[in-house]
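Comments concern the structure below.
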Amino acid sequence: MTTEKIDGVSVSTQASVYFDGKCVSHGITFPDGTKKSVGVVLPATLTFNTGAPEIMECVAGSCEYRLDGTDTWLTSQPGEQFSIPGNSKFDIRVTEAYHYICHFG
Ligand SMILES: O=P(O)(O)O[C@H]1O[C@H](CO)[C@@H](O)[C@H]1O
Ligand SMILES: Nc1ncnc2[nH]cnc12
């Protein structure tokens, strides 16, 4: 079961574009002020830095990810999620567009 819609939020209409467009996301804000982002990563191998701790929730497609300090590539499929510590980084390898919700803070 994947999160196909998020109701009752405001959308930041200007996208965040990373890595020459290989990652594009829009911020959303809930009525209580909680912020998340909804985005897509196109096929590429990238390194994401984190500020706040994050949970990456896959809503479509898939990715492989490797947490900082590990050598293991793990897969995340629709309905699955993975956590990343704050002030860290992770490698992400995408071969089919990876659609996600980023829960952070
Ligand atoms: O907006 P995306 O690309 O998902 O980036 C997310 O990752 C950033 C760093 O944690 C967060 O601030 C959140 O904006
Ligand atoms: N840490 C991160 N998490 C999710 N999307 C990102 N885009 C760029 N950095 C990111």
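What you are looking at is a predicted structure, and each value in this text was computed from that prediction instead of being measured. Just so you know, ligand 1 is whichever comes first in the structure, and atom 1 is the first atom listed for that ligand.
Sparse packing is recorded around CG of D20, with 12 or fewer heavy atoms of other residues, nucleotides or ligands lying under 6.0 Å away. Within 6.0 Å of CG in D32 there are more than 12 heavy atoms belonging to other residues, nucleotides or ligands.
Checking side-chain atoms of T50 against main-chain N and O of P85 turns up a donor-acceptor pair under 3.5 Å.
Ligand 1 is approached by Y100 to a heavy-atom distance shorter than 4.0 Å. Residue contacts with ligand 1 leave out G39, since none of its heavy atoms falls under 4.0 Å from the ligand.
Any N or O atom pair closer than 3.5 Å counts here, and T50 shares no such pair with ligand 1. Residue S16 places no N or O, backbone or side chain, under 3.5 Å from any N or O of ligand 1.
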Could you check ligand 2 for N or O atoms lying under 3.5 Å from protein N or O atoms and list the pairs with distances?
unit_1	atom_1	unit_2	atom_2	d
ligand 2	1 (N)	N49	O	2.7
ligand 2	1 (N)	E54	OE2	2.7
ligand 2	3 (N)	E54	OE1	2.8
ligand 2	3 (N)	E54	OE2	3.2
ligand 2	5 (N)	Y100	OH	3.3

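Residue, atom and distance of the protein heavy atom nearest to atom 13 (C) of ligand 1 are F104 CE2, 3.5 Å. What sits closest to atom 2 (P) of ligand 1 on the protein, heavy atoms only, is S25 OG, 3.3 Å. Looking at atom 4 (O) of ligand 1, its nearest protein heavy atom turns out to be S37 OG, 2.5 Å. Of the protein's heavy atoms, Y18 OH, 3.5 Å lies nearest to atom 5 (O) of ligand 1. At the top of the distance list for atom 8 (C) of ligand 1, counting protein heavy atoms only, stands E54 OE2, 3.9 Å.
Taking OG1 of T75 as the start and CD of E64 as the end, the distance is 4.5 Å to the nearest 0.5 Å. Note that OG1 of T47 and CG of D68 are 9.0 Å apart. Values are rounded to the nearest 0.5 Å. Taking CD1 of I28 as the start and NZ of K35 as the end, the distance is 10.0 Å to the nearest 0.5 Å. Annotation: the span from I55 atom CD1 to K36 atom NZ amounts to 7.5 Å, rounded to 0.5 Å.
V41 shares a hydrophobic cluster with Y18, F19, L46, F48, M56, Y65, L67, L74, F82, I84, F90, I92, V94, Y98, Y100; the chain of contacts runs through ILVMFWY side chains whose heavy atoms sit under 4.5 Å apart.
Looking at R93, H99, E96, E80 one by one, the single match for side chain to side chain donor-acceptor pair (under 3.5 Å) with S62 turns out to be E96.
Listed by number with element, the atoms of ligand 1 under 4.0 Å from a non-hydrogen atom of G51 are 9 (C), 10 (O).
Donor-acceptor pairing under 3.5 Å is lacking for the side chains of S83 and E54.
Among all heavy-atom pairs drawn from T2 and G79, the shortest one is CG2-N, 3.5 Å.
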